[in-house]
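Report on one structure; see the data block that follows.
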Amino acid sequence: MARSDTMGQPVAGPCNYLQIGRGSIAGAAQLAAVGAFILVSVLFLDNQYRVLPSAIHNHLPAHHDGLVITDITVKTCSKLNPFSTCKLDPDTWHRIDKDLYLGQGWTSSAYLHVKRQKEEDLGPEDHVILDVRVGRLDPSTSAKNAGNQKWEPRPAGLWLVRSSKRHESDSDSAITAVDVLFGPDAVEPRPGWRIRDTPLLLESDQTSESTSAFEAHITVRSGALHRVEKPIPRIRKDGRFKIMQLADLHLSTGFGACRDAEPAGHNGGRCEADPRTLNFVERLLDDEQPDLVVLSGDQVNGDTAPDVPSAIYKIASLLTKRPHPIPWAAIFGNHDDEGKPGLSRASQMDVMRSLPYSLAEPGPDNVDGVGNYYVEVLAPGQSQHSALTLYMLDSHGYSPDERQFRGYDWIKDSQIKWFKDTAASLKRAHAKYTKIHLALAFIHIPLPELRDPGNPVVGSWRETVTAPGFNSGFKDALVDARVLALGCGHDHVNDYCMLQQREQHPELWMCYGGGAGFGGYAGYGGYHRRVRVFEVDTNEASVRTWKRLEYGDTAARVDEQVIITGGHVVAPDR
């Protein structure tokens, strides 16, 4: 019989405990099975009919950072009809504000529109786009691996595949962003993006020349946004660091037209500016293997680049779509933001900062210009000490006071103050480097001191120096901060280095890059495009520089010279 405790209550024996344990396990299993069935049922119903409240959905993790695209269309309107509009309902559609004719249509404009939603807000009626094609025929009849998909037609030759289930938005194939690029040479450097097939099939409303130059391509991003991290430039193990300065590329939307191409009969007289420029640069990247590229202004040829990203992406792709991608920094020239419709310097800087291996920065808001920043190049190995500092400054565009100072703008007081303060603040950290720390700087428009014919010159002085009419004193600030060399551009066919001296004591080299791009001028007697290279040797605290040519003796190091040794500026040996 069962035992009793002191209060007269029965106490379970071993058999009673076993029976209770078995009953508890069975009950728990039944509850788990019922719970699992209810959970699966609710998730199934929610997938089909969205029965869970939004509050719950808002706490579920979204697969994609941002939005998914549920529809794409093209809206065309007439410039001749005042009642015609290129806008769709803004509560439903987002318009990509790039005229697909780039303003070149005689009577028409057209814009790409997308429907986009947060993934957690998708309903059973929403279908996420999984693929986009462009063509006249249904891709299911002509494209490989497309026969089992239902393709929906849209204007301008667009074809879309949309999901049949809401949670296909979790797929890495889900389209999460859409853009438009222009030109037969359009490329896509952004991670996760790809240009789709042929150009959009718009009704012909342009001259044959502009139709080819400005053909519109849809480009899409699939899956999550790719985070772009800035590279950390570092001196090589051998103590060297090579910088290639690309001055005045003058890239266009589309191929661009060559100006002053030499020799005149090269390639049967046929010359397309951007392909020839980029082929030249690519050859030198392969030959020189630089550790850093500096784009020193006028990357974009204003008037011939109505879509600026299409121009910028060409040089960015060349630098990053390589077996060994190259970090790059950039400053602005006077032509970069003067096109129509063009793009502001701030917007261009946003574009460049978002690209792989870019070191470009807008700089402080309280300093004149966009792109006043510095790049630290660290010592070899795992060292966190800077061995080399590169200062980048915006030299602006045209004079704000043409009546008194004609021509071009100058480095402003706020920039000089920023430069002085920055150099002073870095001085203590640079002192921890066990070797001699070096500093260089880059601007686009040359300083007035480059006009002085009494200073020693190495290289060619072929044209008038178009420096500012007002001297704001930036050269003295560079010397005081122990910056030993300054690179500039702007005057395409000047490629000389000029030594600045004080009482016969060398204090600063100022070097032109020489124009690299065929979209910019290059007259003055058979000038061949060229690129400048600076090679820093931290073992000797020295800097050597030379130029490479696009045509002629393309293997030569033209006007090679040592400009710094032992951490000091040195005079030319000739």
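Atom set for the values below is all heavy atoms of this structure, side chains included, hydrogens, waters and symmetry mates excluded.
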Could you check whether any side-chain heavy atom of Phe241 comes within less than 4.5 Å of a side-chain heavy atom of Leu388, counting everything from C-beta outward? yes

Checking Val351 against Val308 for the side-chain contact (heavy atoms from CB on, under 4.5 Å) test, could you report, in this order, the C-alpha distance in whole Å, the side-chain angles of both residues, the deciding distance, and whether it holds? CA-CA 10 Å; Val351 168; Val308 171; over 6 Å; no

Should the heavy atoms of other residues, nucleotides or ligands under 6.0 Å from CD of Glu402 be counted, would the total exceed 12? yes

Can you check whether Trp546 and Phe534 have ring centres sitting under 6.0 Å from each other? no

What is the ring orientation for Tyr374 with Tyr391, classed by angle as parallel under 30°, tilted 30 to 60°, or perpendicular over 60°? tilted

With a 6.0 Å cut-off (strictly less than), is the heavy-atom count around CG of Asp480, excluding the residue itself, greater than 12? yes

Does Asp365, at its CG atom, have more than 12 non-hydrogen atoms belonging to other residues, nucleotides or ligands within less than 6.0 Å? no

Atom pair OH (Tyr357) and CZ (Arg322), whose distance is rounded to the nearest 0.5 Å: 12.0 Å

Apply side-chain contact (heavy atoms from CB on, under 4.5 Å) to the pair Val533 and Glu288, showing each step before the final yes or no. CA-CA 9 Å; Val533 177; Glu288 294 286 354; 4.2 Å; yes

Determine whether Leu393 and Ile443 satisfy the following criterion, side-chain contact (heavy atoms from CB on, under 4.5 Å), listing intermediate values before the conclusion. CA-CA 5 Å; Leu393 287 96; Ile443 58 177; 3.9 Å; yes

For His396 and Phe332, I'd like to know if the aromatic rings sit close, meaning centre-to-centre distance below 6.0 Å. no

List the steps, then state whether side-chain contact (heavy atoms from CB on, under 4.5 Å) holds for Val543 with Leu484. CA-CA 9 Å; Val543 177; Leu484 305 180; over 6 Å; no

Does the pair Arg532/Asp495 count as a salt bridge with the N-to-O cut at 4.0 Å? no

Whether His437 and His430 hold their rings parallel, tilted or perpendicular, with breakpoints at 30° and 60°: parallel

Determine, for Glu550 against Arg276, whether the closest basic-nitrogen to carboxylate-oxygen distance falls under 4.0 angstrom. yes

Side chains of Leu478 and Leu486 in contact at under 4.5 Å (non-hydrogen atoms): yes

Less than 4.0 angstrom from a charged side-chain N to a carboxylate O is my criterion; do Lys417 and Asp421 meet it? yes

Check Tyr408, Tyr521, Phe442, Tyr512 against His490 for a ring pair (Phe, Tyr, Trp, His ring centres under 6.0 Å) and give me the one that passes. Tyr408

When Ile243 is tested against each of Val293, Val294, Asp291 for side chain to side chain contact (heavy atoms under 4.5 Å, CB included), which residue passes? Val294

If you count every heavy atom of other residues, nucleotides or ligands that lies below 6.0 Å from Lys432 atom NZ, does the total exceed 12? no

Flag yes if more than 12 heavy atoms outside Arg406 fall under 6.0 Å of its CZ atom; otherwise flag no. no

Going by atom types alone, do Thr176 and Arg116 pair a side-chain donor with an acceptor below 3.5 Å? no

When you check the gap from the basic side-chain N to the acidic O, do Asp97 and Arg95 get nearer than 4.0 Å? yes

Can a salt bridge be assigned to the pair Glu449 and Lys475 using a cut-off of 4.0 Å between side-chain N and carboxylate O? no

Do the ring centers of Phe419 and Phe474 come within less than 6.0 Å of each other? yes

Mark yes or no for whether Ser460, through its side chain, and Asn494, through its backbone, hold a donor-acceptor pair below 3.5 Å. no

Between Phe214 and Phe182, does the ring centre distance come in under 6.0 Å? no

Sorted by first residue and then second, give each disulfide (SG to SG under 2.5 Å) pair with at least one member in residues 509-559; sequence neighbours left out. Cys497-Cys511

